[in-house]
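Below is one structure, written out as structure tokens; comments come after it.
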Amino acid sequence: MSGGVEWALHCCVVLTSVREPVPAARPAALHDISPTYLAKQLQALSRAGLIRSVQGKSGGYALTRAPEQITVLDAVDGPGPAFVCTEIRQRGPLATPAEACATPCPIARAMAGAEAARREALRAISIADLAKDVESDSGAGALEGVGAWLLG
């Protein structure tokens, strides 16, 4: 997973602290990250239907639904699996014939199992869970302070 995943998740968490749209420049400044690269992450979250973009003077980004209804998997799931089998066993001087490859190889099976476990683990954690953990780690009111800063 890229660093953009981390940025996207942090942005989702900080957006739980506000009730109105936040310009992209504010979370970028909060985390001292590139506004241009963050904008790409926000666009991906918007395409996924997790945040919405609001135009105008009071515009910015806001969550589209309650943080309890957005899973980490929703925020980080890409267009396909992390591992794609290319059937390398069917290449080279000792290639396995295609007819002998009716089932996935042990490597593909292991990676598919790992992918399923990863997806299930990420599906079990909501943005609200992450926000609660931030409050627990950083102290009660931490996100309230973040929200005030974002809107300030």
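No experiment lies behind these values; they were computed from the predicted model shown.
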Margin query: So, taking the atom named CG in Leu45 and the one named CD1 in Ile51, what distance separates them when rounded to the nearest 0.5 Å?
Written below: 4.5 Å
Notebook entry, point to check: What is the minimum heavy-atom distance between Ala24 and Pro27, and which atoms define it?
Noted result: O-CD, 3.2 Å
Checklist line | Residue pair His31 / Val14, side-chain heavy-atom distance below 4.5 Å | finding: yes
Next item on the list: Considering non-hydrogen atoms only, spot the tightest contact between Asp129 and Ala124 and give its length.
Entry: OD2-O, 3.8 Å
Margin query: Could you check whether Glu87 pairs with Arg89 (Lys NZ or Arg NE/NH1/NH2 to Asp/Glu carboxylate O, under 4.0 Å)?
Written below: yes
Next item on the list: State the OH-CD distance between Tyr61 and Gln41, to the nearest 0.5 angstrom.
Entry: 11.0 Å
Notebook entry, point to check: Is there a side-chain contact (heavy atoms from CB on, under 4.5 Å) between Gln90 and Cys101 once you walk through the steps?
Noted result: CA-CA 8 Å; Gln90 293 181 34; Cys101 298; 3.4 Å; yes
Item checked: More than 12 heavy atoms of other groups within 6.0 Å of Glu144 CD -> no
Notebook entry, point to check: Is the shortest side-chain N to carboxylate O distance from Lys132 to Glu135 below 4.0 Å?
Noted result: no
Item checked: Check: Leu130 and Val134 side chains under 4.5 Å, non-hydrogen atoms -> no
Item checked: Approximate separation, where rounding is to 0.5 Å, of Ile127 CD1 and Leu63 CG -> 7.5 Å
Notebook entry, point to check: Should Tyr37 and Leu15 be counted in the same cluster of Ile, Leu, Val, Met, Phe, Trp and Tyr side chains packed under 4.5 Å apart?
Noted result: yes
Next item on the list: Report yes if the side chains of Cys85 and Ile107 come closer than 4.5 Å at any heavy-atom pair, otherwise no.
Entry: no
Notebook entry, point to check: Which atom pair, heavy atoms only, marks the closest approach of Pro21 to Gly59?
Noted result: CB-C, 3.9 Å
Next item on the list: Check side-chain hydrogen bond (donor to acceptor under 3.5 Å, both in side chains) between Arg52 and all other residues, then give those that pass, not counting sequence neighbours.
Entry: none
Notebook entry, point to check: Is it true that Leu122 and Met111 fall in one hydrophobic cluster, defined by side-chain heavy atoms closer than 4.5 Å?
Noted result: no
Notebook entry, point to check: Have Asp74 and Thr71 got a donor and an acceptor in their side chains that come within less than 3.5 Å?
Noted result: yes
Next item on the list: With rounding to the nearest 0.5 Å, note down the distance linking CG in Leu143 to CH2 in Trp149.
Entry: 14.0 Å
Checklist line | From Glu20 atom CD to Leu150 atom CG, the distance as rounded to the nearest 0.5 Å | finding: 10.0 Å
Notebook entry, point to check: Just how far is it from atom OG of Ser34 to atom CH2 of Trp7, taken to the nearest 0.5 Å?
Noted result: 5.5 Å
Margin query: Using a 3.5 Å distance criterion without hydrogens, assess whether the side chain of Thr64 forms a donor-acceptor pair with backbone atoms of Leu50.
Written below: yes
Margin query: Under a plain distance cut-off of 3.5 Å, with no hydrogens placed, do Thr86 and Arg91 share a side-chain donor-acceptor pair?
Written below: yes
Item checked: Beyond-backbone contact of Cys11 with Leu42, side-chain heavy atoms, under 4.5 angstrom -> yes
